[in-house]
Peer 1: 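What follows is a single structure, and I will ask about it in a moment.
Letters A, B, ... are given to chains in the order of the sequence lines, protein chains preceding strands, and every chain is numbered from 1. Worth knowing before you read on, the calculation uses all heavy atoms, side chains too, and leaves out hydrogens, waters and symmetry mates. In this text the structure is predicted, and so the values were computed from the model without any measurement.
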Amino acid sequence: MSVLKLKNTYTKRLEVFQPLDPHGKRVTMYTCGPTVYNFVHIGNLRSFLFADILRRTLERNGYEVRQVMNITDVGHMTEDHLADAGGEDKLAVAARKLGSDPFKVALHFEDAFAHDARAMRLRVYQGGEAGDPALHPRATRHIPEMLHAIQRLIEEGFAYVVDSGEVYYEVSKFPEYGRLSGKVLEDLEAGARVEVRDDKRDPRDFALWKVDAKHLMQWDPHSEKGWDPADYARFRELLPAGVDQRIRAGFPGWHIECSAMSRAHLGHTIDIHTGGEDNIFPHHECEIAQSYGAFKTCVHGPHGAPDEGSQRKTFARYWVHGRFLLVNNRKMSKRDGTFYTAKELLDPRGQGRDDLANELERLGFAGGKVPANVLRFALISNQYTQPMNFSLESLAAARTGVERIQTRFDKLREAVGDGTNPASNLTASGHMIELVNRAEAEFDSALNDNLNTPNAVAAVFKAVGELNTMHLGPAEAREAMRLLDSFDEVLDVLDRTERSGLITREQIQTWLEPATLKQKAVALKHWAETTDREQLWERIEAGQLPDFEETAPVEDMDGAMVELFVAIRQNARMSKDFKVADAVRDELKRRGVALEDTAQGFRWVR
RNA sequence: GGUGGCGUAGCCAAGUGGUUAGGCAACGGUUUGCAAAACCGUCACACGCGGGUUCGACUCCCGCCGCCACCUCCA
């Protein structure tokens, strides 16, 4: 198997991945998560999805991954912010109605994010991980850890308290500041974009603790005011002597949360730290500086190995950053109408975006909605190291691409059957084994090459194309299915519900016997509810269409009902009444079921 | 101004000093009662422009042109 290599932002090099774990098994990963004062947009999603692909690739390589994705819910909300939250957005308005309790608003958006994250199949929100608060730590619940770190920074001489009661990190005390981002301190100083404050010793110094009466979340480090009781108890335990008396009630600066939470939940050293490219500076640069000062860490050398002779331990061994998603080759912009939240694409009409829904329908999206697996596929099919140019057309391309893989998957499942066929226990042909092995190797080497998802996807399409030219028995299909399952452990774009079925010609022949068909029909719920069954049957025999609205509402189409429709249609086909036959197929289509004639019989797909 | 990056056929997008990326779209064909799905073929001797190095460059070097991002508590 190929070896996983990752581009480390810190060294600017492609490095072979080696975990810190001496047994080479466990990997810790910290992903900078969402700020929950708004709905996540597809740019956020791309960033989280690349982290998800990285995590799954690690797992594919046999590692046990512990991934933490923080929730930034702290401190920066003001009354103005609430009043301005999202303009016309219905859910934002609903959030505002929650009142001026910023914790409730943050929770509301966090729930919304968790919903999107599950829809996008982020593994860190699947299964038991979804409900584990240690994997989704909230900044507001880690104030003790942050104050602890701040106090350490003051005591170690890396931070200072100013008259206002705020605390700043003194950048000049950390010579490595700027090394991750390649920034030159002198240039930063020259830039006029750093917040100008008279009480800062240096304009580049950044805030660890802020004081601003306008902000809605406030903690008093010298009393219980503003605290969650449990957090306050932990704070007293962590800092029995309290913090520097000059620090006033306020809230933590943005950067300190990740230093504090990664340490709290993943320990002193983490293997991989991920984020968007905008996190490189200043956020991650500041994290490195903070952890260096507070926890005596470092980030030296390739593979995160400390310099020779250093007593310090590494903070993050690999820094991996995803590039931005662009729309029309520009950064997303609300003004240009190129800003899409996940919710808007998944359910435009539900978000009041009828215009978007109509556009999507024009591009062939049923109901004007983008299926979540299509959005996922679109956002992972470009390499994370390149800016991705997103468009609705790219979504349409993703849809047909996913459908191609899905169709092969469905057909394989049909071919495998329920396992009762003794032929399925046979050994697959050498040709098939070879195909599977080669495809797996191609997929692996693409992913392991710094998560080259375009090549990984190409390997999938290549395999699908080859499988499409082959006639597969149960044993062959079983192996092929295993291959697609294996791909999908990483890509996770397939619909695994029983969404298709195969009806053989022999079966239909039996059902076309009036007695059998009637028996079958009686067994069907909706048919049974029809008052005049005899009359209905007579109409079918006469080649007339039954009242579909009565017999089969869209939401109740199941396999049995489809079979009945197919029988009716076949009845018409046998008597060359293609008008009726096509009408039945159209009716099925309207109910979301596509019907295909195959050599063996009839295949339906929901 | 500083830093990093990008320009590949209609669109998206890999990759490489000399031999197929892949997907989507379009068109033609096979198949079908018609479809669908699938297959085959075409579009594709594509690599922003101009020089240079080389037996040979899309790939390396130099210079242009165009575009983008970061330097703002934006993934």
Side-chain angles (χ1 to χ4, degrees), chain A residues 9 12 31-35 37-38 40-51 72 74-76 178 181-184 186-195 206-207 210 252-255 257 274-283 285-286 321-326 329-332 377-378 381-391 393-405 407-408 410-411 442 446 449 452-462 464-465 467-470 573 576-579 581-582 585-586 589 594-599 602-605:
Chain A
T9 310
K12 295 182 177 60
T31 299
C32 269
T35 302
Y37 291 160
N38 223 322
V40 290
H41 53 69
I42 54 172
N44 300 120
L45 285 189
R46 188 201 185 195
S47 189
F48 303 144
L49 280 168
F50 114 71
T72 298
V74 76
H76 317 302
S181 56
K183 302 286 177 211
V184 181
E186 287 67 34
D187 294 335
L188 288 176
E189 195 169 18
R193 301 192 184 216
V194 186
E195 187 182 7
F206 59 91
K210 300 184 98 172
W254 176 39
H255 313 301
E257 67 176 69
T274 75
E277 59 176 316
D278 58 322
N279 282 153
I280 298 171
F281 188 91
H283 188 52
E285 199 75 73
C286 296
H321 293 96
R323 304 231 29 202
F324 269 130
L325 173 148
L326 307 172
N329 282 312
R330 287 180 187 264
K331 202 167 159 176
M332 284 194 294
F377 186 70
S381 353
N382 291 1
Q383 197 175 12
Y384 80 96
T385 53
Q386 296 296 327
M388 171 184 177
N389 195 12
F390 179 89
S391 66
E393 287 73 17
S394 70
L395 280 179
R399 189 195 65 237
T400 44
V402 167
E403 200 57 40
R404 186 170 156 79
I405 305 167
T407 299
R408 178 34 64 193
D410 291 339
K411 287 182 177 174
E442 285 173 3
D449 180 18
N452 193 327
T453 45
N455 277 342
V457 167
V460 172
F461 280 118
K462 186 177 168 192
V464 167
L467 292 173
N468 282 344
T469 62
M470 301 161 71
R573 287 182 82 212
K576 301 274 185 217
D577 189 348
F578 295 118
K579 201 173 169 186
D582 290 349
R585 194 170 54 195
D586 290 345
K589 185 86 183 168
L595 189 64
E596 302 167 13
D597 301 339
T598 72
F602 310 92
R603 181 169 184 273
W604 57 272
V605 186

Peer 1: Holding to salt bridge (charged side-chain N to carboxylate O under 4.0 Å, His left out), I want the full list of residues that pass it with A/D278, two or more places apart in sequence or in another chain.
Peer 2: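 If we apply the salt bridge (charged side-chain N to carboxylate O under 4.0 Å, His left out) test to A/D278, skipping adjacent residues, there are no hits.
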
Peer 1: Taking the C1' atom of each, how far is B/U19 from B/G56, in whole Å?
Peer 2: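 My reading of the C1' atoms in B/U19 and B/G56 gives 14 Å.
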
Peer 1: How far does the P atom of B/A46 sit from the matching atom of B/A21, given to the nearest Å?
Peer 2: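 About 10 Å, rounded to a whole number of Å.
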
Peer 1: Among B/C74, B/C24, B/A69, which nucleotide sits nearest the side chain of A/E277?
Peer 2: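 Within the option list, the nearest is B/A69.
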
Peer 1: Let me know the distance between CD of A/E285 and P of B/U3, rounded to the nearest Å.
Peer 2: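 It works out to 16 Å between those atoms.
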
Peer 1: Could I get the full list of salt bridge (charged side-chain N to carboxylate O under 4.0 Å, His left out) partners for A/R585, not counting sequence neighbours?
Peer 2: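 A/R585: salt bridge (charged side-chain N to carboxylate O under 4.0 Å, His left out) contacts with A/D582.
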
Peer 1: Could you check whether A/G43 gets within reach of a base, just the sugar-phosphate, or nothing at all, counting any heavy atom under 4.0 Å?
Peer 2: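 Base, at least one base heavy atom under 4.0 Å.
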
Peer 1: Which part of the nucleic acid, if any, lies within reach of A/L595 when heavy atoms closer than 4.0 Å are counted: base, sugar-phosphate only, or nothing?
Peer 2: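 Result for A/L595 = base.
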
Peer 1: If each of A/T598 and A/T400 is mapped to the nucleotide of RNA chain B with the nearest heavy atom, which maps nearer the 5' terminus, i.e. the 5' end?
Peer 2: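 So the residue in question is A/T400.
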
Peer 1: side-chain hydrogen bond (donor to acceptor under 3.5 Å, both in side chains) with A/R603: which residues, sequence neighbours excluded?
Peer 2: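 If we apply the side-chain hydrogen bond (donor to acceptor under 3.5 Å, both in side chains) test to A/R603, skipping adjacent residues, the hits are A/E414, A/E596.
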
Peer 1: On the nucleotide B/C74, are OP1 or OP2 found under 4.0 Å from the side-chain N or O atoms that A/T35 carries?
Peer 2: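 Result: no.
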
Peer 1: From CD of A/E442 over to P of B/U20, roughly how many Å is that when rounded to an integer?
Peer 2: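 So the two atoms are 15 Å apart, to the nearest Å.
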
Peer 1: Is A/H41 touching bases, backbone alone, or none of the nucleic acid, heavy atoms closer than 4.0 Å?
Peer 2: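 It contacts base atoms.
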
Peer 1: Taking NZ in A/K576 as the centre, count heavy atoms belonging to other residues, nucleotides or ligands within less than 6.0 Å. Is the count above 12?
Peer 2: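 Open: at most 12 neighbouring heavy atoms sit under 6.0 Å from NZ of A/K576.
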
Peer 1: Name the closest nucleotide to the A/K411 side chain, picking from B/C71, B/C39, B/A38.
Peer 2: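 In terms of side-chain proximity for A/K411, the closest of B/C71, B/C39, B/A38 is B/A38.
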
Peer 1: To the nearest angstrom, how far is A/D278 atom CG from B/U72 atom P?
Peer 2: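 Going from CG in A/D278 over to P in B/U72 covers 12 Å.
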
Peer 1: Can you check whether A/G465's main-chain N or O pairs, donor with acceptor, with A/R408's side chain at less than 3.5 Å?
Peer 2: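 No, the answer is negative, given that no donor and acceptor are paired below the 3.5 Å cut-off.
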
Peer 1: When rounded to the nearest Å, what value does the distance between C1' atoms of B/A26 and B/G48 take?
Peer 2: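 My reading of the C1' atoms in B/A26 and B/G48 gives 26 Å.
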
Peer 1: Counting only distance, no hydrogens or angles, is the base of B/C68 paired donor-acceptor with the side chain of A/K331 under 3.5 Å?
Peer 2: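 It does not, because no donor-acceptor pair links the side chain of A/K331 to the base of B/C68 below 3.5 Å.
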
Peer 1: Look at the aromatic rings of A/F377 and A/F461 and report parallel, tilted or perpendicular, splitting at 30° and 60°.
Peer 2: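 Perpendicular, since the angle between the ring planes exceeds 60°.
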
Peer 1: Please measure how far the P atom in B/G10 lies from the corresponding atom in B/G51, and state the result in whole Å.
Peer 2: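 That atom pair is separated by 24 Å.
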
Peer 1: Give the rounded distance in Å between these two atoms: NE2 of A/H283 and C1' of B/C70.
Peer 2: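 Result: 16 Å.
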
Peer 1: For a quick check of understanding: with a heavy-atom distance under 4.0 Å over all strands, which category does A/I280 fall into, base, sugar-phosphate or nothing?
Peer 2: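 Counting heavy atoms under 4.0 Å across all strands, no contact is made by A/I280.
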
Peer 1: Look at A/R46 and B/A75 and indicate whether a side-chain polar atom (N or O) is within less than 4.0 Å of OP1 or OP2.
Peer 2: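 For B/A75, neither OP1 nor OP2 has a side-chain N or O of A/R46 closer than 4.0 Å.
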
Peer 1: How far does the P atom of B/G18 sit from the matching atom of B/C64, given to the nearest Å?
Peer 2: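 To the nearest whole Å, 28 Å.
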
Peer 1: To the nearest Å, how far apart are A/Y384 OH and B/G5 P?
Peer 2: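 Roughly 14 Å, once rounded to whole Å.
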
Peer 1: What pairs with A/D449 under side-chain contact (heavy atoms from CB on, under 4.5 Å), at least two apart in sequence or on another chain?
Peer 2: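 Partners of A/D449 under the side-chain contact (heavy atoms from CB on, under 4.5 Å) test: A/L14, A/N452.
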
Peer 1: Using atom C1' of each nucleotide, how far apart are B/G23 and B/A9 to the nearest Å?
Peer 2: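 Taking atom C1' in both B/G23 and B/A9, they lie 14 Å apart.
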
Peer 1: Which of these nucleotides, B/A37, B/C39, B/A75, is closest to any side-chain atom of A/E596?
Peer 2: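 Given the options B/A37, B/C39, B/A75, the side chain of A/E596 is closest to B/A37.
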
Peer 1: Under the side-chain contact (heavy atoms from CB on, under 4.5 Å) rule, collect the residues that match up with A/T453, sequence neighbours excluded.
Peer 2: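 For A/T453 the side-chain contact (heavy atoms from CB on, under 4.5 Å) partners, ignoring immediate neighbours, are A/I53, A/L447.
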
Peer 1: Taking only residues two or more places apart in sequence, or in another chain, which ones meet A/H41 in a side-chain hydrogen bond (donor to acceptor under 3.5 Å, both in side chains)?
Peer 2: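 Listed in chain order: A/N44.
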
Peer 1: Rounded to the Å, how far apart are A/Y37 OH and B/A75 P?
Peer 2: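 Those two atoms, OH and P, are 13 Å apart.
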
Peer 1: How would you list, by chain and number, every residue that makes a side-chain hydrogen bond (donor to acceptor under 3.5 Å, both in side chains) with A/S181, sequence neighbours excluded?
Peer 2: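 For A/S181, the residues satisfying side-chain hydrogen bond (donor to acceptor under 3.5 Å, both in side chains) (neighbours in sequence not counted) are A/E285.
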
Peer 1: Using the criterion of both pairing distances under 3.5 Å for Watson-Crick and G-U wobble pairs, give all stems of 3 or more consecutive pairs involving RNA chain B.
Peer 2: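 In RNA chain B, stems of three or more pairs: B:1-7 with B:65-71, B:10-12 with B:22-24, B:26-30 with B:38-42, B:48-52 with B:60-64.
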
Peer 1: Considering heavy-atom distances to RNA chain B, does A/F461 or A/R323 have its closest nucleotide positioned more toward the 5' end?
Peer 2: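 Residue closer to the 5' terminus by nearest nucleotide: A/R323.
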
Peer 1: Nearest whole Å is fine: how far is B/G23 P from A/F377 CZ?
Peer 2: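 The answer, rounded to whole Å, is 11 Å.
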
Peer 1: May I ask you to say what A/A458 touches in the nucleic acid, namely base, sugar-phosphate or nothing, with a heavy-atom cut-off under 4.0 Å?
Peer 2: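 A/A458: base contact, heavy atoms under 4.0 Å.
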
Peer 1: Please pick, from B/C40, B/C70, B/C68, the nucleotide with the shortest atom-to-atom distance to any side-chain atom of A/K183.
Peer 2: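 Out of B/C40, B/C70, B/C68, the nucleotide with an atom closest to A/K183's side chain is B/C70.
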
Peer 1: How would you list, by chain and number, every residue that makes a side-chain contact (heavy atoms from CB on, under 4.5 Å) with A/S394, sequence neighbours excluded?
Peer 2: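 Testing A/S394 for side-chain contact (heavy atoms from CB on, under 4.5 Å), a comparison that skips the adjacent residues, returns A/F390, A/S391.
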
Peer 1: If you measure from CG on A/D597 to CZ on A/R573, what distance do you get to the nearest 0.5 Å?
Peer 2: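 Rounded to the nearest 0.5 Å, the CG-CZ separation comes to 4.5 Å.
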
Peer 1: Determine, for nucleotides 10-15 of chain B in 5'-to-3' order, which nucleotides have protein heavy atoms under 4.0 Å from the base (write B), from only the sugar-phosphate (write S), or from neither (write -).
Peer 2: --SSSS

Peer 1: How far does the C1' atom of B/G2 sit from the matching atom of B/U72, given to the nearest Å?
Peer 2: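 Comparing C1' positions in B/G2 and B/U72 gives a spacing of 15 Å.
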
Peer 1: Using atom names, set out every protein N or O paired with an N or O of nucleotides 27-34 of chain B below 3.5 Å, distance rounded to 0.1 Å.
Peer 2:
unit_1: B/G33; atom_1: N7; unit_2: A/R573; atom_2: NH2; d: 3.1
unit_1: B/G33; atom_1: O6; unit_2: A/R569; atom_2: NH2; d: 3.0
unit_1: B/G33; atom_1: O6; unit_2: A/R573; atom_2: NE; d: 3.3
unit_1: B/G33; atom_1: N1; unit_2: A/D582; atom_2: OD1; d: 2.8
unit_1: B/G33; atom_1: N2; unit_2: A/D582; atom_2: OD1; d: 3.3
unit_1: B/G33; atom_1: N2; unit_2: A/D582; atom_2: OD2; d: 2.6
unit_1: B/C34; atom_1: O2; unit_2: A/R585; atom_2: NH2; d: 2.4
unit_1: B/C34; atom_1: N3; unit_2: A/R585; atom_2: NH1; d: 2.8
unit_1: B/C34; atom_1: N3; unit_2: A/R585; atom_2: NH2; d: 3.0
unit_1: B/C34; atom_1: N4; unit_2: A/R585; atom_2: NH1; d: 3.4
unit_1: B/C34; atom_1: N4; unit_2: A/D597; atom_2: OD2; d: 2.9

Peer 1: Using the C1' atom as the reference point in each nucleotide, state the distance between B/U8 and B/C58 in Å, no decimals.
Peer 2: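 Pairwise C1' distance, B/U8 against B/C58, rounds to 8 Å.
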
Peer 1: Take the protein atom CZ of A/R330 and the nucleotide atom P of B/C70, then report the distance between them rounded to whole Å.
Peer 2: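 Distance, rounded to whole Å: 12 Å.
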
Peer 1: Considering residues at least two apart in sequence or located in another chain, which fulfil the side-chain contact (heavy atoms from CB on, under 4.5 Å) criterion with A/A51?
Peer 2: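 Residues passing side-chain contact (heavy atoms from CB on, under 4.5 Å) with A/A51: A/M29, A/T31, A/Q67, A/T274.
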
Peer 1: Among B/C70, B/C68, B/A75, which nucleotide sits nearest the side chain of A/N44?
Peer 2: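 Nearest nucleotide to the side chain: B/A75.
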
Peer 1: Going by the angle between their ring planes, with limits at 30° and 60°, are A/Y384 and A/F50 parallel, tilted or perpendicular?
Peer 2: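 It falls in the parallel class, under 30°.
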
